There are 2 protein chains.
Amino acid sequence: MAELAGVSVASVSRVLNGLPASDAVKEKVNRAVDELGYRPNAFARSLKVRRSQQLAFAVADVGNPVYVEMMRAIEDETRAHGYRLLVSSTGGRSDDTLALLDSLEGGYADGLVLSPVRVDARLVARLRQVTYPLVVIGTVPTDVAVDNVRANSAGGVRLALEHLHEQGCRRIAFVNGPEDTVPGEARRQAFERTAQALGLDPGADLRVEAGDFTLAEGRKAAETLLDRTTPDAVLGGNDLLAIATMQVLAERDLRIPDDVAVVGMDDTELAGVTSPSLTSVGLGAHERGRVAARLLLDRLDHADREPQRVTVQPQLSVRDSSRKGDAARR
Amino acid sequence: MAELAGVSVASVSRVLNGLPASDAVKEKVNRAVDELGYRPNAFARSLKVRRSQQLAFAVADVGNPVYVEMMRAIEDETRAHGYRLLVSSTGGRSDDTLALLDSLEGGYADGLVLSPVRVDARLVARLRQVTYPLVVIGTVPTDVAVDNVRANSAGGVRLALEHLHEQGCRRIAFVNGPEDTVPGEARRQAFERTAQALGLDPGADLRVEAGDFTLAEGRKAAETLLDRTTPDAVLGGNDLLAIATMQVLAERDLRIPDDVAVVGMDDTELAGVTSPSLTSVGLGAHERGRVAARLLLDRLDHADREPQRVTVQPQLSVRDSSRKGDAARR
DNA sequence: CTGAAAGCGCTTACAG
DNA sequence: CTGAAAGCGCTTACAG
């Protein structure tokens, strides 16, 4: 390359990086670049400058709409700053998450946004040792010094329950996801407290725990619930669980919302598609992604700033599945 | 690191790569590794061995369930072979796709799976010049020498139309996506030909083109269609367009499937969630991803094998939205 | 089995 | 402004 252009490799590097060079040299270099379709080797560059220009996003399940939403936000943000985004799906396996955290020490990405479903002691211990820029989406112990963005699950549950309470519901059931996960546990706690504060029926028969945040597990859980009781309303731990519940209700000829109102969480695109449309509490997935990306980009420039904690506020979208008294469909 | 262990850097490298070494040396190296949390630098390694152990997947829209499905399949396959997957979203912008193809020449990934929505002359020209392993999901001119996996859109449209024909439908409308895209164009052609072969009403008023493969654009297109005529059935260019049509039909108090049957394409998770559930033709997104990943992995080892072309066959999933005579719901 | 040395392809002070 | 040279951190023939 340098030979073809008839200049030194240093000059090639300078021209390609926009550093000062005479027009003559620029001309020669550009001509040779075109001729050869030359592209500087990314590794050699990274090895020298100690930056990869890559950022990583690690997530339990790329198929979950919530994470897709986050990924979009992160992609937009990082791309705008000239970084490529590497998406890694750990499938919820703790070991894969730990392996990923380790392998990033090899430097192939300049930073990581991590959104774990389960936060156990091993993960927390590992997070303390990470030597690269890291932001965690989700709840981590306050003494782990990483940037952290959280959803306000408790606030979200409260919005949902208050809304149902206003609709006259008093026996409100909760089809939650697994309670050994971060969101599952947070939502369970919030449900208990808020139900008590609102003076709702505290019956233990009103709570079921699905094996996963999926339609299939949601159906099973909803059937368990409805076999033992018929509540005024059901709150789903996420939209999929709420939708599964709606399906089971329909199969049992219970009208939504007149017999049983239903509210989901996450406010995914699915919520607008079901019939009746699903009332849902958005937990700001897009916003969480955006904020996380910004924190990471900011930390790349300011390695020593204090770790920040940002909480994104929930928002309730009321649709047909919870408007008692209205027609369920037009 | 080597100093701490008291051995040469060569020995460190050998131990870490599982090459022959005495137990004494292994012991020293492992001890030092643990103490330092040492990780070999990924770039230095890649620079030397000329491999990144990364593969890239480029896609128009990470949010589209079809691509998520592909991504999952590709992730599973590549991860099993020890590669990381880099996901890049080009947002359907041609320039971004070209820029990506260029930048990969820098070597930061060992190969690429590309799934473009639009294939124009510039892209085809660029594809011919690519110097790294590449597989394209979608249709490319036969003389472009890349591995290629395709959906059988024509076969899929045929399955859908034959099914509707059997249900007694003769005036079948088509709510297609943009016809300057690869899938849009293929589906339009297939629709015309199959409609003719089956002796369906060829009325031009039965075809509308949505601005994009989305719910919002689908609604507009469906309204345009239903303002001018009421067909026996509607085929959607994808599930989102079909679902949007179902919503508009419901708003106009047309019963599905008794007044108007509806069939989608892609057979995404959404199809099982709507009410009535949506009959849809799956075009094998998961399978296309899996095959593409395998072709790419295979090519990494066999740079000189002939480019292959694989077509994945469609499959019809009949659900409630098209079973005339049955109850639309239980 | 092990170490010294070359070299992967860049960038960047350092001279000129 | 430009070139020669050092060096980023590995791997891998080459000797021993």
Side-chain angles (χ1 to χ4, degrees), chain A residues 1-54 82-84 102-110 131-132 300 303, chain B residues 1-54 82-84 102-110 131-132 300 303:
Chain A
M1 168 62 207
E3 312 87 275
L4 207 181
V7 300
S8 69
V9 297
S11 289
V12 173
S13 175
R14 288 194 198 97
V15 171
L16 263 36
N17 289 299
L19 297 176
S22 66
D23 289 348
V25 170
K26 283 184 195 163
E27 172 63 21
K28 287 189 206 171
V29 169
N30 287 326
R31 200 195 311 264
V33 164
D34 287 347
E35 189 163 334
L36 270 56
Y38 171 80
R39 272 263 148 189
N41 181 292
F43 308 125
R45 171 162 228 289
S46 291
L47 180 58
K48 190 66 195 172
V49 304
R50 322 193 71 79
R51 262 187 301 106
S52 66
Q53 218 63 316
Q54 288 189 167
Y83 286 86
R84 290 186 297 272
D102 280 351
S103 76
L104 277 167
E105 297 286 352
Y108 68 81
D110 300 334
T131 63
Y132 44 84
L300 293 173
Chain B
M1 166 64 205
E3 312 88 273
L4 205 181
V7 300
S8 70
V9 296
S11 291
V12 173
S13 175
R14 288 194 197 96
V15 171
L16 263 34
N17 289 299
L19 297 176
S22 66
D23 289 347
V25 170
K26 282 184 196 164
E27 173 64 22
K28 286 188 206 171
V29 170
N30 288 327
R31 201 196 310 266
V33 165
D34 287 348
E35 189 163 334
L36 271 56
Y38 170 79
R39 273 262 147 191
N41 181 292
F43 307 124
R45 172 162 228 290
S46 292
L47 180 58
K48 191 66 195 171
V49 305
R50 321 193 72 78
R51 263 186 302 106
S52 66
Q53 218 62 319
Q54 286 189 168
Y83 287 85
R84 288 185 298 273
D102 279 351
S103 76
L104 276 167
E105 298 285 354
Y108 68 82
D110 300 334
T131 63
Y132 44 84
L300 293 174

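In this text the structure is predicted, and so the values were computed from the model without any measurement. Just so we're on the same page: letters track the sequence lines, and every chain starts at 1.
Nucleotide D:dG16 forms a pair with C:dC1, judged by Watson-Crick or G-U wobble geometry with both contacts under 3.5 Å.
Distance check: B:Arg50 CZ to A:Phe43 CZ gives 9.5 Å after rounding to the nearest 0.5 Å.
DNA chain D is contacted by both B:Phe43 and B:Leu19; B:Phe43 maps to the nucleotide lying nearer its 5′ end (nearest heavy atom per residue). Comparing B:Ala44 and B:Ser22 by the nucleotide of DNA chain C that holds the closest heavy atom to each, the one mapping nearer the 5' end is B:Ser22. Both B:Lys48 and B:Lys26 lie near DNA chain C, and the one whose nearest nucleotide falls closer to the 5' end is B:Lys26.
Closest heavy-atom contact between A:Lys26 and A:Ala21: CE-O, 3.4 Å. Shown here for B:Gln54 and A:Tyr108, the closest heavy-atom pair between the two residues is OE1-CD1, 3.8 Å. Closest approach of A:Ser8 and A:Ala2 over heavy atoms only: C-CB, 4.0 Å.
Residue B:Val25 is in sugar-phosphate contact alone, with no base atom involved, counting any heavy-atom pair closer than 4.0 Å across all strands shown. When heavy atoms are screened at a 4.0 angstrom cut-off, A:Ala21 is found touching the sugar-phosphate backbone but no base atom. When heavy atoms are screened at a 4.0 angstrom cut-off, B:Arg14 is found touching base atoms of the nucleic acid.
B:Glu105 and B:Thr131 share a donor-acceptor pair across their side chains, judged by distance under 3.5 Å alone.
Under the rule for a salt bridge (Lys or Arg N to Asp or Glu O under 4.0 Å), A:Glu35 has no partner lying at least two apart in sequence or in another chain.
Boundaries of the chain B contact region on DNA chain C are C:dC1 to C:dG9, first to last in 5' to 3' order (nucleotide atom under 4.0 Å from a heavy atom).
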